[in-house]
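Report on the structure given below.
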Number of protein chains: 2
Amino acid sequence: MSDDERASQSRTTYRHGDLRGALIAAGVEMAREGGPRAIVIREATRRAGVSPNAAYRHFADRDALLKAVSDTCLGLAADRIEQEQAAHPTTGDAVADARLQLRTVGLGYIAFAREEPGLFRTAFSVPDDLRQALSPAKAGVSGLTPFQLLSLALDALVDSGALPPARRENAEFLAWATVHGLGMLVIDGPLRGLTDPMIDFATERLLDMVDRGL
Amino acid sequence: MSDDERASQSRTTYRHGDLRGALIAAGVEMAREGGPRAIVIREATRRAGVSPNAAYRHFADRDALLKAVSDTCLGLAADRIEQEQAAHPTTGDAVADARLQLRTVGLGYIAFAREEPGLFRTAFSVPDDLRQALSPAKAGVSGLTPFQLLSLALDALVDSGALPPARRENAEFLAWATVHGLGMLVIDGPLRGLTDPMIDFATERLLDMVDRGL
DNA sequence: GCGCCGATGTGTACACTGTCCACTACCTAG
DNA sequence: CTAGGTAGTGGACAGTGTACACATCGGCGC
């Protein structure tokens with residue numbers, strides 16, 4: 001007899017096992033279709049098969065749950081970026097590879113925004129801070145956060161000689177801001193109605209601009 | 001005896017006069033300190049001295065009010081941009097002036113985000129569409145929307161010869177995305193803790209990048 | 001002048017939310 | 001075996017969005 005069976009027999013839904021994780025998972029699911037506003041404590045507990053107040057054993061309030069879901073979403077963004085990088089194999093040319101690495105960060109980021117607008121909005125709906133940009137809670141399966149993936153790409157660019165060290169400092173901000181802005185404008189800003197090819201085109205031009213202007 | 005006095009005498013708060021406008025104004029005030037989430041119908045009606053349901057004569061639901069407030073916020077952003085432009089007088093050199101004009105759009109935009117983060121967030125919390133980016137509801141006192149101010153600056157850049165016409169098409173998207181991203185990251189993204197001088201510096205470098213990479 | 005009608009606002013009511021409090025069932029260290 | 005911590009339940013309350021029925025005013029045609 002498995003633990004699950006014993007649990008569901010001797011008590012109704014008493015000890016959940018991983019309620020915290022279940023609530024976050026439910027939150028991600030709600031965010032997926034409705035953005036941060038759709039994250040609702042009572043609904044999350046309902047989906048986890050537990051009473052509303054059980055959530056307060058794991059989260060101080062709704063904002064705490066939202067924050068946890070938001071962090072998870074950032075991790076998913078990191079995964080999407082790494083997926084994009086895996087899809088673009090290296091060529092052996094250090095400069096070309098470094099530039100491609102930066103480009104794939106942008107491509108993955110925009111892809112995530114377009115494929116999962118609700119999660120993307122949720123990821124950035126919580127006030128953040130540079131000190132926490134490296135928090136493991138925001139990391140994907142590989143253990144790296146989106147911010148770290150970007151930093152690594154910029155480091156590689158400097159190592160390859162494609163980016164003068166003098167321009168390296170704070171380059172994260174420029175690259176990130178640029179791509180982040182496009183993501184936002186595409187999912188609920190004025191660029192929303194654009195066709196996919198138009199967005200692809202704008203993305204390419206934007207990444208060209210970063211490549212050239214960094 | 002003024003109209004106001006007669007009104008407040010013969011009836012409690014019956015015919016308001018401009019309830020729609022009052023609700024939007026209250027919404028802007030709430031958004032200013034709490035962002036879009038702080039916009040609450042009941043509180044708005046309270047501030048307007050009217051019963052909760054009165055709002056439904058002017059707005060279909062909360063989202064409709066949010067949208068109206070959001071449009072108003074965009075108009076305020078336009079005002080801030082024009083204020084920035086007024087603060088940078090032209091020099092007479094067509095190319096320099098055109099580049100400055102574009103730069104002031106960015107400066108005003110970022111300034112608005114930093115000075116009024118709640119309004120900035122509210123302005124972009126409502127899904128929008130390119131067809132509506134020119135709606136007069138989003139215009140500032142001069143009648144122009146932020147998008148139009150940006151377009152005008154880009155046109156001037158082409159007219160002056162600083163921007164090849166071939167690069168003009170969709171340049172709005174690139175410029176806007178870049179600056180918008182910085183705005184977002186600065187107010188609740190990872191760039192939040194940065195000191196003012198650091199943000200100024202990043203802004204300058206970002207605008208340089210646009211200037212160079214467009 | 002009169003009566004009617006649409007626009008505007010009021011009151012009541014319901015479902016739903018976040019969150020507080022007191023309570024209970026279980027697990028584990030001593 | 002017992003004491004205390006942990007995880008979950010149940011009930012309650014204030015605040016929210018919103019539907020429905022009603023009241024009141026201003027302006028219109030007659």
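Below, chain A is the first sequence line, B the second, and so on; all start at residue 1.
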Between [options], spot the one nearest the side chain of [X], thanks.
X       : options               : answer
B:Ile41 : D:dG8, C:dT10, D:dG17 : D:dG17
A:Val50 : C:dG18, C:dT10, D:dG8 : D:dG8
B:Asn53 : C:dG18, D:dT9, C:dG11 : C:dG11

Between [N] atom [atom2] and [X] atom [atom1], what is the distance in whole Å?
X       : N      : atom1 : atom2 : result
A:Arg57 : D:dG10 : CZ    : P     : 14 Å
B:Asp18 : C:dT8  : CG    : P     : 11 Å
A:Tyr56 : D:dG11 : OH    : C1'   : 15 Å
B:Leu23 : D:dT18 : CG    : P     : 14 Å
B:Asp63 : D:dT16 : CG    : P     : 17 Å
A:Phe59 : D:dG8  : CZ    : P     : 11 Å
B:Ile39 : D:dG17 : CD1   : C1'   : 15 Å
A:Met30 : C:dG18 : CE    : C1'   : 13 Å

Candidates B:Ile41, B:Asp71, B:Ile39 - the one meeting side-chain contact (heavy atoms from CB on, under 4.5 Å) with B:Leu66
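Result for side-chain contact (heavy atoms from CB on, under 4.5 Å) with B:Leu66: B:Ile39.
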Quick one: which of B:Leu182, B:Leu185, B:Thr178 gives a side-chain contact (heavy atoms from CB on, under 4.5 Å) with A:His180?
B:Leu185
Heavy-atom nearest nucleotide on DNA chain C taken for A:Glu43 and for B:Ser51; more 5' hit belongs to B:Ser51
Residues B:Glu84, B:Thr104; criterion side chain to side chain donor-acceptor pair (under 3.5 Å); working and verdict:
CA-CA 6 Å; B:Glu84 192 74 23; B:Thr104 50; over 6 Å; no
Could you tell me whether the side chain of B:Arg42 has a donor or acceptor atom within less than 3.5 Å of a complementary atom in the base of D:dG15?
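No, no donor-acceptor pair under 3.5 Å.
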Side-chain N or O of A:Arg46 versus OP1/OP2 of C:dT17: is the shortest distance under 4.0 Å?
yes
Would you say a side-chain N or O of B:His58 is under 4.0 Å from OP1 or OP2 of C:dA7?
no
Below 30° counts as parallel, above 60° as perpendicular, anything between as tilted: where do the rings of B:Phe124 and B:Trp176 land?
perpendicular
Between atom CG of A:Asp188 and atom CZ of A:Phe120, what is the distance when rounded to the nearest 0.5 Å?
9.5 Å
Mind checking A:Arg62 for me? I need base, sugar-phosphate or nothing, with any heavy atom below 4.0 Å counting as a touch.
sugar-phosphate
